[in-house]
Amino acid sequence: MNPKEISFYDKVYEIVRQIPYGRVTSYGAIAEFLGRKGSARMVGYAMNHAHQYEGIPAHRVVNRNGLLTGKMHFHPPTLMQQLLESEGIKVQNDKIQNFKEIFWKPV
DNA sequence: ACACTGACCTCCT
DNA sequence: AAGGAGGCCAGTG
């Protein structure tokens with residue numbers, strides 16, 4: 001499709017797809033990469049629609065504190081944590097422990 | 001075309 | 001240190 005046809009959401013999905021296995025990133029990092037630094041909400045809102053797409057590891061996207069804020073949008077809510085743990089990511093109290101180490105920033 | 005919504009972030013008490 | 005409010009802007013009704 002033409003670049004003009006690509007919407008903001010699609011860009012977000014493309015970034016999320018590039019997140020390596022066992023790594024995570026934050027909404028703010030994606031927003032900043034897209035040039036909408038203060039618009040981290042848009043990224044999160046885009047993830048809300050990501051369910052209708054496939055191949056989008058939405059569980060690898062968390063907030064600035066490494067907290068699984070969007071887990072309640074998974075079914076069941078514990079799925080997000082399970083997916084992260086299955087990738088070797090340690091999660092405790094809905095928070096990623098070694099968040100700073102496995103943090104991945106879009107190039 | 002206007003108003004409201006929202007998986008966040010930062011600043012201000 | 002903890003809580004509240006505002007700002008950001010693309011989609012949807």
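Chain A is the first sequence line, chain B the second, and so forth, proteins listed ahead of strands; every chain is numbered from 1. Since we're looking at a predicted model, the values are computed, not measured.
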- Task: Taking atom CD of A/Q52 as the centre, report whether more than 12 heavy atoms of other residues, nucleotides or ligands fall under 6.0 Å from it.
- Result: yes
- Item | Selected nucleotide, minimal atom distance to A/H49 side chain, candidates C/dT12, B/dC9, B/dA7 | C/dT12
- A/M72 CE - B/dG6 P separation (whole Å): 12 Å
- Message: How many whole angstroms separate atom OH of A/Y13 from atom P of C/dA10?
- Response: 15 Å
- Atom CG of A/N65 and atom P of B/dC9 are separated, to the nearest Å, by 7 Å
- Can you figure out which of B/dA7, B/dC8, B/dG6 approaches the side chain of A/A58 most closely? B/dA7
- Message: When you measure from the side-chain N and O atoms of A/S39 to the phosphate of B/dC8, is any distance below 4.0 Å, counting only OP1 and OP2?
- Response: no
- Task: Quick one: label A/H51 by what it contacts on the DNA or RNA (base, sugar-phosphate, nothing), any heavy atom closer than 4.0 Å.
- Result: base
- Task: Taking the six-membered ring for Trp and the single ring otherwise, decide whether the centroids of A/F74 and A/H59 are under 6.0 Å apart.
- Result: no
- Step by step, work out the side chain to side chain contact (heavy atoms under 4.5 Å, CB included) result for A/V107 and A/F33. CA-CA 8 Å; A/V107 226; A/F33 178 78; 5.6 Å; no
- Does the side chain of A/E14 come under 3.5 Å of the side chain of A/Q18 through a donor N or O and an acceptor N or O? no
- Message: Return whichever of A/Y45 or A/S26 has its heavy-atom-nearest nucleotide of DNA chain B closer to the 5' end.
- Response: A/Y45
- Note on the structure: note: A/L84, atom CG; B/dA7, atom P; distance rounded to Å ~ 18 Å
- Query: Reckon A/N48 touches a base, only the sugar-phosphate, or nothing at all at heavy-atom distances under 4.0 Å?
  - Reply: base
- Task: Salt-bridge test for A/E87 and A/R23: reply yes if a basic N is under 4.0 Å from a carboxylate O, no otherwise.
- Result: no
- Query: Contact class for A/F74 (heavy atom, under 4.0 Å): base, sugar-phosphate, or nothing?
  - Reply: base
- Query: For A/R36 and B/dC9, what is the distance between atoms CZ and P respectively, to the nearest whole Å?
  - Reply: 17 Å
- Note on the structure: Atom CG of A/N63 and atom P of B/dT10 are separated, to the nearest Å, by 10 Å
- Starting at OH of A/Y9 and ending at C1' of B/dT5, how long is that distance when rounded to a whole Å? 10 Å
- Task: Would you kindly compare A/Q52 and A/M42 by the position of their nearest DNA chain C nucleotide and give the one closer to the 5′ end?
- Result: A/M42
- Item | Proximal nucleotide (of C/dC8, B/dA7, B/dT10) relative to the A/R41 side chain | C/dC8
- Integer-rounded Å distance: C/dC8 P and A/Y27 OH: 21 Å
